[in-house]
Amino acid sequence: MTHANSELLTPERVRLAAFTPARLGRRGLDESEVRSFCEWVSDGLRQLLNDNSMLQAEVLRLRGRLLDGEGKHGVQPEDAHVQAVHVLSMAQQTADRYVADAQEYSRELAGDARMRRDEIVREAKVRASMILEQAHTSASEAAGAVRATRDPVPAAERQELQAEIAYLRTFSDVCRTHLRAYMESLTRSIEEWERAERNGALTARDSALHSSQHVLPRTAGTRPGKGVNRAGRVVPAACSESGGGSARGGRLSGPSRSSRPSSRLIPWPPQSRPTPSSLVT
Amino acid sequence: VDERRLKESFARAAAYGDEVALFFYSHLFLSHPEAREMFPVSMAVQRDKLLNALGRIVAEVSSHDTLVPFLQGLGRDHRKFGTLAEHYPAVGASLLATLAHFNGTDWSEDVARDWTEAYAVVAQVMTEAATEDETRNPPSWQATVVGHERRTIDIAVLRVAPDAPLRYAPGQSVAVECEARPRLWRYYSMANAPRHDGTIEFHVRVIDGGPVSSALARSVRVGSRLRLGAPAGTLGLDMNSRRNVVLAAGSTGLAPLKAIIDQAAGLGDPPRMHLVFGARTAVDLYDLADLEKMTARWPWLTVTPAVSAEPEYRGETGTVADVIGRRVPITDQDAYICGSSAMVTATVNRLRSLGMPQARIYVEDFGWSES
């Protein structure tokens, strides 16, 4: 439904407004229609308010004329004032009715939408429980069918499947073992690191006291307790094998032995499918 | 002032109902057009408020103990509309003209003098309260929305940061106005005890056709500006009571009760509190996640959700009153209730029938601010 802006806003038009339902797949009413309707109502109200204030101005002008004595022969000023009050009251009542009608209309619209929403939810619930029931039925039917066929899987395939299950089981065992070992070595490394940090601080103070003796190589960016590998990357001292804050040579990069991948660690992701026997050594 | 004469002349006018208020406002706007912009487009609600307030003032004209606080509240409350002391004479003149018009030939110099004197007192009490309030509070608080969550299709939780600190007691409410609905004020309860950062939460439930609630829930965004009136309402934790507490919340009636729980958490020795939080369906229990966090943190708090229109719900089903009857043994507690008026009435009746004295039942009461 559309409204030409020129159409007069009346309570009946607002009350009888009808909208097309929203496009397929969306609930409610056509949004652009509702919007344009609201605009039309708002334009109408604005017009009405303008009229109202014009009337008010006119009333004031007339009252002024009366008080100035121009209308001495007609009505008395007091009566004129009362008449003006009545004119304004009528205008106010009209405005009140427009607002009340608009509110009533929006109330009906919202109430309607609420009812439809409840219906949709109710239907959806019924349908959901139907679907669930169907799923139950077909699942138990399938289970019954499986039980009916005695050995549907050929021997070769069965063996292959069992091998795969065994592989996966072993794989997860190994993963867990390695993860646990790795976590433990990490905790140890952190403890060593902390110790090294403390010792390093002491060593640095010592070296400052005995400046003639070079304990640590002076490399830019080096701090006690940290080592610098060849690429200039700072690595925690605890990661070096000597562990004590020494920063010499190229052995410093990489984690300590305990956390270095051992020959037992399976590659991740597995490059090629290993046989179960190659996993556990 | 001849009290009987005053009441009779008012009764003669009041018999015309809405016409009286209609005449009054038209008269006021004709003589002071600038006053029109202080009011909303539709004046229907406004007229009701005027008639109620006038009726109450005339009825209580000789009982100063209740009338004076009512007028003081009214005077303070009018600050948020931009009412100034110089507006009062204009209102008085229009009021007298209105009463004279509807009293017709029964109007006399004496009655006019009675009303002039009575109105002068009313205006004085109101303006004095407003002036006194000026030293402490702004006419209204500008605030920014800093959080806006649509919890359900009908309920939004707003977090609001007032520009100037807003002091209130947990359980109180403020009138809220948003830019989309100028000059329409609706009361919302603060849902938290005052915080260090000054932010306030409001729980807004959309009323079908309600202009303010729908704007607050749907069009207001983070960054939107609101105006808040002065805190009002008398619901609040009784600090002198050592009794345990039953809290009954219907939907967003939860807000002031949540503020009270929040307040109790700040006490050294909080009472045991049992909150029954009711809604139509499980989805409408819009604040359960937060309530669960609160029960996990505060061992003295128990929360029982109740759902009234969803029989397959796995928890407690029925109204808040039903669930209290079933799950909360009434021994020697205080009760705080907030929700729809039907819910409040049903719950009060149930608690009374379970033996709770009326004096220990506290309900949300907007008092003067709703009239």
Other residues, nucleotides, ligands: >12 heavy atoms within 6.0 Å of A:Arg116 CZ: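 Counting neighbours around CZ of A:Arg116, 12 or fewer heavy atoms of other residues, nucleotides or ligands fall under 6.0 Å, so no.
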
How about CZ on A:Arg169, more than 12 heavy atoms from neighbouring residues, nucleotides or ligands closer than 6.0 Å, or not? no

Side-chain (B:Asn103) to main-chain (B:Ser9) donor-acceptor, under 3.5 angstrom: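 Side chain of B:Asn103 to backbone of B:Ser9, a donor-acceptor pair under 3.5 Å: yes, one is there.
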
With a 3.5 Å distance limit and no angle check, can you tell me whether B:Tyr313 reaches the backbone of B:Ser308 through a side-chain donor-acceptor pair?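 The answer is no, because no donor-acceptor pair under 3.5 Å joins these two groups.
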
Heavy atoms under 4.5 Å from chain B: which residues of residues 108-115 of chain A carry them?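 Residues of residues 108-115 of chain A touching chain B at under 4.5 Å: A:Ala110, A:Gly111, A:Arg114.
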
Output every pair passing salt bridge (Lys or Arg N to Asp or Glu O under 4.0 Å) with a member in residues 124-141 of chain A, not counting sequence neighbours, ordered by first then second residue. A:Glu123-A:Arg127, A:Lys125-B:Glu310, A:Lys125-B:Glu312

Hey, which of A:Gln93, A:Arg97, A:Glu104 has the most heavy atom pairs under 4.5 Å with chain B?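 Greatest number of close heavy-atom pairs with chain B: A:Gln93.
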
Choice from A:Leu49, A:Leu45, A:Leu88 maximising heavy atom contacts with chain B below 4.5 Å: A:Leu88

Side chains of B:Leu95 and B:Leu54, heavy atoms from C-beta outward: is any pair under 4.5 Å?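 B:Leu95 vs B:Leu54: side chains touch.
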
Taking the side chain as everything from C-beta on, heavy atoms only, tell me whether B:Phe202 gets closer than 4.5 Å to B:Ser189. no

Full working for side-chain contact (heavy atoms from CB on, under 4.5 Å) between A:Leu48 and A:Leu9: CA-CA 9 Å; A:Leu48 194 82; A:Leu9 178 68; over 6 Å; no

Rounded to the nearest 0.5 Å, what's the gap from [atom1] on [X] to [atom2] on [Y]? Could you check?
X: B:Thr98; Y: B:Tyr16; atom1: OG1; atom2: OH; value: 13.5 Å
X: B:Glu149; Y: B:Ile155; atom1: CD; atom2: CD1; value: 12.5 Å
X: B:Arg280; Y: B:Asp154; atom1: CZ; atom2: CG; value: 9.5 Å
X: B:Leu50; Y: B:Asp18; atom1: CG; atom2: CG; value: 10.0 Å
X: B:Leu254; Y: B:His203; atom1: CG; atom2: NE2; value: 6.0 Å
X: A:Thr94; Y: A:Leu55; atom1: OG1; atom2: CG; value: 9.5 Å

Strictly less than 4.5 Å between heavy atoms, which residues of residues 28-40 of chain B line up against chain A? Please order them by number. B:Phe29, B:Leu30, B:Ser31, B:Pro33, B:Arg36

By residue number, those in residues 204-226 of chain B with heavy atoms under 4.5 Å from heavy atoms of chain A are B:Asp208, B:Gly209, B:Pro211

Is A:Gln92 in contact with chain B via its backbone, its side chain, both, or neither, using a 4.5 Å heavy-atom distance?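 Contact with chain B: side chain only.
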
Given heavy-atom pairs under 4.5 angstrom as the criterion, report whether the side chain, backbone, both or neither of B:His27 touches chain A.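 Both backbone and side chain.
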
Please give me the minimum heavy-atom distance between B:Arg151 and B:Asp287, naming the atom from each residue.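 Smallest interatomic distance, heavy atoms only, reads NH1-OD1, 2.7 Å.
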
